[in-house]
Structures are given as C-alpha cells and as structure tokens.
Protein chains: 2
Amino acid sequence: MEISKAFGNVLKKHRKLAGLSQEQLALQCDLDRTYIGLLERAQRQPSITTLFSICEVLKIKPHELIKEVEKLYGI
Amino acid sequence: MEISKAFGNVLKKHRKLAGLSQEQLALQCDLDRTYIGLLERAQRQPSITTLFSICEVLKIKPHELIKEVEKLYGI
DNA sequence: TTAATCGACCGACTATAGTCATCATAAAGA
DNA sequence: TCTTTATGATGACTATAGTCGGTCGATTAA
C-alpha cells in the first residue's frame, strides 16, 4: 500500500477512536476541515509539523502513528 | 526546540553515522543536493514520503527517527 | 600551489501542501 | 417532511516543499 494511503487509513482510524468528526479534529489542530478529508482520502501528504499537531490532538505519539503507517505500507 | 530544528539535527546525526555526504545521501534518495542541506539547517520540513525515502537510505525505521525528534522537541 | 570535496548560501523556478467558499449527498432525528 | 450533522468534492487561491545551476570559503591531499 502507498504511504499516503496508509497514512490516510491510520489517521481515520485514530480520529474515529478519538470520537471526533473531521471538522472537530480540524478545528482543534488549526487546519482546514477539507484538508483532513483530503489526508484521509490520500490526496494530500502531511509535513512533519502537521503530523505532530494532528497527533497532539489525537493524544498519540507521532512515532506510534508512524509505526502503524510502516506496518500498512509494508516495511 | 522547534520541530524542524529537531529534525535537522537528527537527520545530520544519522547521515554522519551512515558515513554519507549530503550529496551522496541526496543521490541515493533521489532528492536534490541543496535540499538535504536545507533540511539539516531547518529551512525546510519534509513530507512523510520524503521522510520515508530518507530513512530507507539511512537504514533506520521512520518511527525510530521520529522518536528521536520527539525527544529533542520535548514531548 | 593546485585540485578535489564538502557544506553554506543564493535566486529563480515548478510541484504540492494547505486554505477557503461553496455545493451535493446521505444518514438520523423531530 | 424538514433539519441537522458528517463527509465528499471542486475550483481557485497562497504558502511552502523540492529542483536546478551556480558562487563561495574551509579543508584536505597531491
């Protein structure tokens, strides 16, 4: 699986786990609502600061999320 | 410490550990010579696919590198 | 001295991240 | 049915990632 697709899947999973809508997540990490959707649909790739701010809201360490991305990506 | 600065420091450390020049690293991960320098000087932030391709060349798992960035960043 | 290597830095460029306004649609509830 | 909530989607925009060609100074070796 592609990196962006893997990231999108992991992001969606953790957003749901946190019980947040795309809009709620976007507001809390100071990003645009549509952009969260684009990330989940693998049409954008986050920079690492974006990754860190999303993870802060989702209360997960960035390296843990990345570890899940690696797994889906297959490395 | 800022995220980009933390990342630049970690990148430089691991590039040195791998015994590569900025240019050698750039060639192997199909990026520009000057861009590696910009990353190390914290004037650019990588996307996650860029992160993954750099880590592949440096033979380190992305989540391990991110863990070091977290530590320097202070989370 | 000369040549080679390395890294900082620059200006200008192309590609893509991230914003914003807006419309469409499907699901759930009053 | 009417309304609200969540999401998909699009087009146009601004900001920044990433490229390219080059200069410069420091270092190291011939």
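Side-chain atoms are counted along with the backbone in the values below, which use heavy atoms only and exclude waters and symmetry mates. Quick note on labels: first sequence line is chain A, next is B, and so on, each numbered from 1. Treat the numbers as computed from the prediction; the structure is a model and nothing was measured.
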Could you list the residues that satisfy side chain to side chain donor-acceptor pair (under 3.5 Å) with [X], not counting sequence neighbours?
| X | answer |
| --- | --- |
| A/Arg44 | none |
| B/Lys13 | B/Glu68 |
| B/Thr34 | B/Asp32 |

Under 4.0 Å between a side-chain N or O of [X] and OP1 or OP2 of [N]?
| X | N | result |
| --- | --- | --- |
| B/Gln43 | C/dA8 | no |
| B/Arg41 | C/dG7 | no |
| A/Gln45 | D/dA17 | no |

| query | Near DNA chain D, which residues from residues 46-61 of chain B have a heavy atom under 4.0 Å away? | reply | B/Pro46, B/Ser47, B/Thr50

| task | Could you list by number each residue of residues 4-21 of chain A showing a heavy-atom separation from DNA chain D of less than 4.0 Å, or answer none if no residue does? | result | A/Arg15, A/Lys16, A/Ser21

| request: Would you kindly give the CD1-to-P distance between A/Ile36 and D/dG8, to the nearest whole Å? | output: 11 Å

| said: Quick one about A/Glu70 and B/His63 (side-chain donor to acceptor, distance below 3.5 Å, no hydrogens or angles considered), yes or no? | reply: yes

| query | Regarding B/Ser4 and B/Gln45, is there a side-chain donor-to-acceptor distance under 3.5 Å anywhere? | reply | no

| Base versus backbone protein contacts along nucleotides 19-25 of chain D [heavy-atom cut-off under 4.0 Å; B, S, -] | BBBB---

| said: To check you understand the geometry: which heavy-atom pair defines the closest contact between B/Leu58 and B/Arg15, and what is its length? | reply: CD2-CA, 3.9 Å

